[in-house]
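Heads up: the structure comes next, in structure tokens.
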Amino acid sequence: MKAPSARHERTGSQSKVCVVCLLGVLISAMTLGSLRLYGLYLEHRLASITARIEAVNNKNAVLEERFSSLLSPSRIYNYARAELNMVTARDVETIRLRHGPGDAASPNPSAAGTFASSPGGLSRLFVGTANAKD
């Protein structure tokens, strides 16, 4: 009869299971490492984009401040006076429109700037009134 073989010398399915488990652990570790590196790459890109956004916001704030200073009424007045040689009007006259063909000028100050007759019908689409914001 043959003597039984020692346990450490046996060949069987246990070694294959250990190799498969070891490969699974290695693949999982490599996948986890690559995901971590990809996460670090995304964090770096996010930080650089955030820095660019901050730089653009700072530049925008400087431009808005400059724009508002250029549109200040005192700056416009000084520019018109110095560069364009504009002066303040001295003899100002007000022109008032008549209400009808034979009427005199309107004594009512609220009606002084109105049209003699308001347009009607389709012509209202083409005739507008002046606005200070236009």
Side-chain angles (χ1 to χ4, degrees):
M1 246 199 303
K2 199 170 176 189
S5 61
R7 257 183 129 174
H8 66 281
E9 293 180 3
R10 275 196 222 164
T11 59
S13 66
Q14 286 183 348
S15 64
K16 291 179 185 179
V17 171
C18 289
V19 169
V20 169
C21 288
L22 181 63
L23 283 176
V25 168
L26 287 176
I27 290 173
S28 297
M30 287 174 41
T31 305
L32 184 63
S34 65
L35 285 176
R36 179 66 182 144
L37 287 175
Y38 185 65
L40 288 172
Y41 168 72
L42 290 178
E43 284 181 28
H44 174 70
R45 283 190 59 190
L46 181 64
S48 66
I49 290 172
T50 304
R52 286 175 44 198
I53 288 172
E54 286 295 322
V56 168
N57 283 341
N58 291 340
K59 185 177 179 180
N60 190 23
V62 168
L63 289 176
E64 283 180 357
E65 183 178 330
R66 183 172 178 217
F67 180 71
S68 65
S69 70
L70 289 174
L71 287 181
S72 68
S74 62
R75 183 172 175 95
I76 293 172
Y77 175 76
N78 289 335
Y79 179 80
R81 191 175 42 129
E83 298 293 325
L84 301 176
N85 297 325
M86 297 177 99
V87 294
T88 307
R90 294 195 174 111
D91 298 328
V92 178
E93 294 181 18
T94 304
I95 300 173
R96 297 185 185 192
L97 300 175
R98 295 183 182 177
H99 281 284
D103 292 341
S106 171
N108 186 355
S110 64
T114 60
F115 288 100
S117 64
S118 62
L122 188 59
S123 64
R124 282 190 186 175
L125 296 174
F126 302 108
V127 178
T129 56
N131 189 352
K133 293 180 181 178
D134 289 343

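It should be emphasised that the depicted structure is a prediction, and the values quoted were computed from it without experimental measurement.
Screening residues 42-56 for side chain to side chain donor-acceptor pair (under 3.5 Å) gives no qualifying pairs among residues at least two apart or on separate chains.
Phe67 meets the side chain to side chain contact (heavy atoms under 4.5 Å, CB included) test with Leu71; sequence neighbours excluded. Ser28 pairs by the side chain to side chain contact (heavy atoms under 4.5 Å, CB included) definition with nothing, not counting sequence neighbours. Residues meeting the side chain to side chain contact (heavy atoms under 4.5 Å, CB included) test with Ile53, sequence neighbours left out: Ile49, Asn57. Applying the side chain to side chain contact (heavy atoms under 4.5 Å, CB included) rule to Ser72 yields the partners Ser74, Arg75; only residues at least two apart in sequence or on another chain are considered.
The hydrophobic cluster around Tyr38 extends to Tyr41, Leu42, counting ILVMFWY residues whose side-chain heavy atoms fall within less than 4.5 Å of a member.
Between the CG atom of Leu37 and the CG atom of Leu32 there is a distance of 10.0 Å, given to the nearest 0.5 Å. The CD atom of Glu65 sits 7.0 Å away from the OG atom of Ser69 when rounded to the nearest 0.5 Å. The OG1 atom of Thr31 lies 10.5 Å from the CG atom of Leu26; values are rounded to the nearest 0.5 Å.
In terms of hydrophobic clustering, with Ile, Leu, Val, Met, Phe, Trp and Tyr side chains grouped at heavy-atom distances under 4.5 Å, Met86 and Ile76 are assigned to different clusters.
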